Each structure stands twice: as structure tokens, then as C-alpha cells.
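Throughout, protein chains are lettered first and strands after them, A, B, ... in sequence-line order, and every chain is numbered starting at 1. The model shown is predicted, which means the values in this text are computed figures rather than measured ones.
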Protein chains: 2
Amino acid sequence: MVGGAAQDIRGQILAHATRLFARQGFSGTSVQQIAERVGIRKPSLLYHFKSKDTLRREVVEQTLQHFQKVLPELLLSARDHQFDRVMGSLTGFFRDDPDRARLLVREILDQPEEMRERIAKYVTPWVQLLGDQLERAKERDLVRPDVDVEAYAMQVVTSLVANLAFIASMGNVLPDHGAHGAGTDRVIAEMTRIARASLYVDAASPADASDAPAQTPPSRERAIQTHADQRDGEGKKQ
Amino acid sequence: MVGGAAQDIRGQILAHATRLFARQGFSGTSVQQIAERVGIRKPSLLYHFKSKDTLRREVVEQTLQHFQKVLPELLLSARDHQFDRVMGSLTGFFRDDPDRARLLVREILDQPEEMRERIAKYVTPWVQLLGDQLERAKERDLVRPDVDVEAYAMQVVTSLVANLAFIASMGNVLPDHGAHGAGTDRVIAEMTRIARASLYVDAASPADASDAPAQTPPSRERAIQTHADQRDGEGKKQ
DNA sequence: CCTACCGATCGGTAGG
DNA sequence: CCTACCGATCGGTAGG
């Protein structure tokens, strides 16, 4: 309640700054430009954020915090199964606002030191948690023995962010054959397939009945193929 | 011979511009900064390239032309086998000068329209050629039937460029366990493994005779696993 | 949140 | 390839 309107302005500044930094880059965007979109003067903006660089930091922090807030439920609710669900949710975060992906890629290039720290803070814990789960799945012979679980997890995140950032900027480069025209979906589908196929041991090797917990007809139930086509609704360009 | 020295200056400008654009971005780099490194004055630089934007275009064009000049031999000499060799050479191009990767990523974000055209010109033909080869390998049951060959090829290139650009900027994010500290190799090794494992049909599954077409112990001859462990020397975490 | 204003730097041109 | 110089814009401050 207190300062509700001021909060709103701060939020507007952050929102417009995110958009512009993502699309034009930090040094390609002037404080003046951001202020214009918000509908205030430049010195007023600099009252809320005491420098352009402060604004940049808060924009990035906000994006990563949102990521951190949303990620846990996805990964924790998904054990070693539900592969497509995890991929779909992860993809969804960046699809909901592709500027997030563009912003992160730009920051990696522009502020590498800072981003190293932020990744250590926001991403690495989850990569390690996922890595542990995969390591256990490996012991149960569900995951290929030669997977470098940490590098794999990091790779999936990297591909995802890069792909979404690139598509957001230039659209899909693949020729759109077929009537449906959703090239983005095609890229994401193949990316998901690659991630899945390179992770799991292929169709059951019969002999590991010894190994697998008794309960299961192991490879089939894996729930992994569930939504192989998970994104129908939104990103579609029709 | 004619204008040899002038050519040299032009080349120096291009070289320093590539470096600076890759590391600081286009709008984060001033003409003055480039001129300083070359050891000339700003107006002299603008005699060789009539605007900053012209310089940018030539920098990008030069990088892509080098790529185009070097790629054919790699891909043509490699048929459906020699997977690791192709990946290695492709990786090598960007490893030789990681600024190439950073520059391309930046251009995708900064000049998406232009990059769409350039990718269509420089990359798509090779993606399609590779796609054709993979499609044939698919008919011979070497490649997984569900691979989207074009999307796959594009994905491999995208991952490669993104990974190298990120590593060039921030180094490796993975904890360096093991004494040697070559985290880059580890990332590239896992990226290569993912690309290979998600492409080829897996090693013969003994008991699924029921499932598999009668014909084949197909997977053995594949020549594909040649260097399946090409990261022994370097990337291994030991 | 504003007007007024700062020094610094930007890309680029004139003119030789 | 240089000196000299241009108008425009940059991030930011003073002061209210």
C-alpha cells in the first residue's frame, strides 16, 4: 500500500529496461529511451536507479530470481521420469518471454565475470541436483553409463537458452515444410529428442531384470515419452 | 604488391575490429578505440571503411567467408562415418579463434534480419547436404528413424557456436574436479557425445529379436564408434 | 518527479 | 594518412 504508485513506476522501468536491453543490448540502449517508454524524464528514472549500470544489474537479478522461484517445483516434482514435462516447463519459462533468453545470452557476453557468479548461485545447484538424480538413474541402468551428468545438465540448459534466444531474434532458420508452419516447435521438438535420446539407455536390454527393482516393466513405463508433443497451444504461429 | 601496405592496414583494422566487436559488442566499441589499436587516427580508419556500420558488415562477412572456405573439405571428406572427425574440425574452427563464435552470437541478437540471410547463404546449404547424408543413413538403419535431420544438423551447429561463445567469455562453469582443469574439453566432449548418441541407432540389443527387423546385427559395422572415447586424453575427469 | 545543465564522447566530415 | 572541427547524444548532477 505504501508507495504503491512508486512501486509501479519502478516496475515499469524494470519491464521496459528488460525489453530494451534484451533486444538492443545494454550499450545499445540509452537511459533516455527507457524513460521515454515509461513516460517520465531521464533524471526521474535516475532517481529510482542511481545509475544505468544499477538498472542493468537489477534487471538481470529480477530475471534470474524469477527463474529460481519457478524452477524448484518443476525439478522437485519430477523425479527421474517425466522427462518431457521437465523439458517442457523449462522451455516454457523462456517461451513465455523470450527476452529472458536474449537478456541472459547478452549478459554472458557482456558481463562474463558477473554471470559466472550468478550462474553459480542460481543454476549450478539445480544442475548438481539433477546430476545426482541422473547418477542414481545411471546406477539403475536407465541412464547411459558414459553420460557426464553435470556437463549434460548444463548442456541442456545452454542449448535451451541459446535456441530460444536465437529464435526470438531471427525466427526459425529451417525451411517450413509442411502446412503447420510452427518452426519453433520443430526446433524445440528436435532439441528435446536429442536430449532424451542421448540420456537414456535405449529400449530395454532384457538381461537387467537382475538389476531393476522388481516392480517394473522397466523401459516402457518410463513415462518419458508422455508428452512428446507437449506444446500445442501457444507458441504456434499458425 | 600494389598497395601492399594499405592492404595491411585494412587487414589490421578488420582484425582489431573483429576482436573488439566480439568482446564488447558493436555499440560497446567506438571507432576511436579500434583506430587506437591499429595505431592510426579515427578519420584515417573512416577512409578505409566509410562508416562504422560498413566495418561491422565486412567483419562479419570475412568471418563467414572463412567458415565457408574451410567447411567444405571437412564435410565432403567425411561421409556418414568419421563423426568425431567432423565434429572435431567444426569445433576446431571456433576454438582456433573463439571470437568468431562470440561475434556470430552477437550478430544474431543485434542484426537478426541480416543474419537470417547470411545463414541462408553460408550455413543452410551445408545443413541440407548433411541432412541428405543423414537421411540416406537413416534408410540404412544406421540413423534413428525419428531424427529430424535438418533440425538436428542445425542444432549441432547452434550448440557448438553457443558453447564456444559462452566458454570464450566466461570460461567453464562446471566445477573442475580432477587436476588438469581442462573444463572446455569436458564440455565439448559431452556435447559431442550427446550429438552422437542422439543420432545413431544404439548398439545391438540382444533379445529384442521380436521387435527388431530380422535382418541385422546392423550396428556393428558402423565405423561410427571409432573414436567413441575421443576425450580420453583431455576432457576426462578421472 | 521536473527543468536546466554539465563535461565527455559519439560517428562522421572538411580539407588538405 | 593527418588536424581541426561538427552537431548530436551520452550518463549523470544540481537544485528544487
Closest approach of A:M87 to A:V156 (non-hydrogen atoms, all atoms of both residues): SD-CG1, 3.6 Å

As a test of reading the structure: which of D:dC10, C:dC10, D:dC1 is closest to the side chain of A:Q32, going by heavy atoms? D:dC10

Check the distance between C:dG12's P and B:H48's NE2 and give it to me in whole angstrom. 16 Å

Taking the side chain of B:P43 as heavy atoms from C-beta outward, which of C:dA14, D:dT13, D:dC10 is closest to it? C:dA14

Compute the ring centroids of A:F67 and A:F93, then answer whether they are less than 6.0 Å apart. yes

Can you check the A:R41 CZ to C:dC2 P distance for me, whole Å? 6 Å

Return the value, rounded to whole Å, for the distance between atom CZ of A:F49 and atom P of D:dG11. 15 Å

Mapping B:I13 and A:F26 to their closest nucleotides on DNA chain D, which lands nearer the 5' end? B:I13

Counting side-chain heavy atoms from C-beta on, which of D:dT3, C:dT13, D:dT13 comes nearest to A:L46? D:dT13

Expressed as a whole number of angstroms, how long is the span from B:Q24:CD to C:dC10:C1'? 15 Å

With a non-hydrogen cut-off below 4.0 angstrom, is A:T29 in contact with a base, only sugar-phosphate, or nothing? sugar-phosphate

Is B:R106 reaching over with its side chain to a backbone N or O of A:R106, donor-acceptor style, under 3.5 angstrom? no

Interatomic distance where CD belongs to B:Q33 and P belongs to C:dA8 [whole Å]: 18 Å

Please report the distance, rounded to the nearest Å, between NZ in B:K50 and P in C:dT13. 10 Å

Tell me: CD1 of B:I34 to P of C:dG11, nearest whole Å? 8 Å

Classify the side chain of B:K52 versus the base of C:dG12 as yes if they form a donor-acceptor pair under 3.5 Å and no if they do not. no

With a 4.0 Å cutoff (strictly under), does any side-chain N or O of A:S30 reach OP1 or OP2 of D:dC10? yes

Is any side-chain heavy atom of A:F21 closer than 4.5 Å to one of A:I34? yes

Can you find a donor-acceptor N/O pair under 3.5 angstrom joining the side chain of B:K42 to the base of C:dG11? yes

Could you tell me whether the phosphate oxygens of C:dG11, OP1 or OP2, come under 4.0 Å of any side-chain nitrogen or oxygen in B:S51? no

What verdict does the side chain to side chain contact (heavy atoms under 4.5 Å, CB included) test give for A:Q62 and A:R100, after you've listed the backbone C-alpha separation in whole Å, the side-chain angles of each residue and the deciding distance to 0.1 Å? CA-CA 10 Å; A:Q62 186 196 240; A:R100 290 168 182 154; over 6 Å; no

Using whole Å, report how far CG of A:L45 lies from P of D:dT13. 13 Å

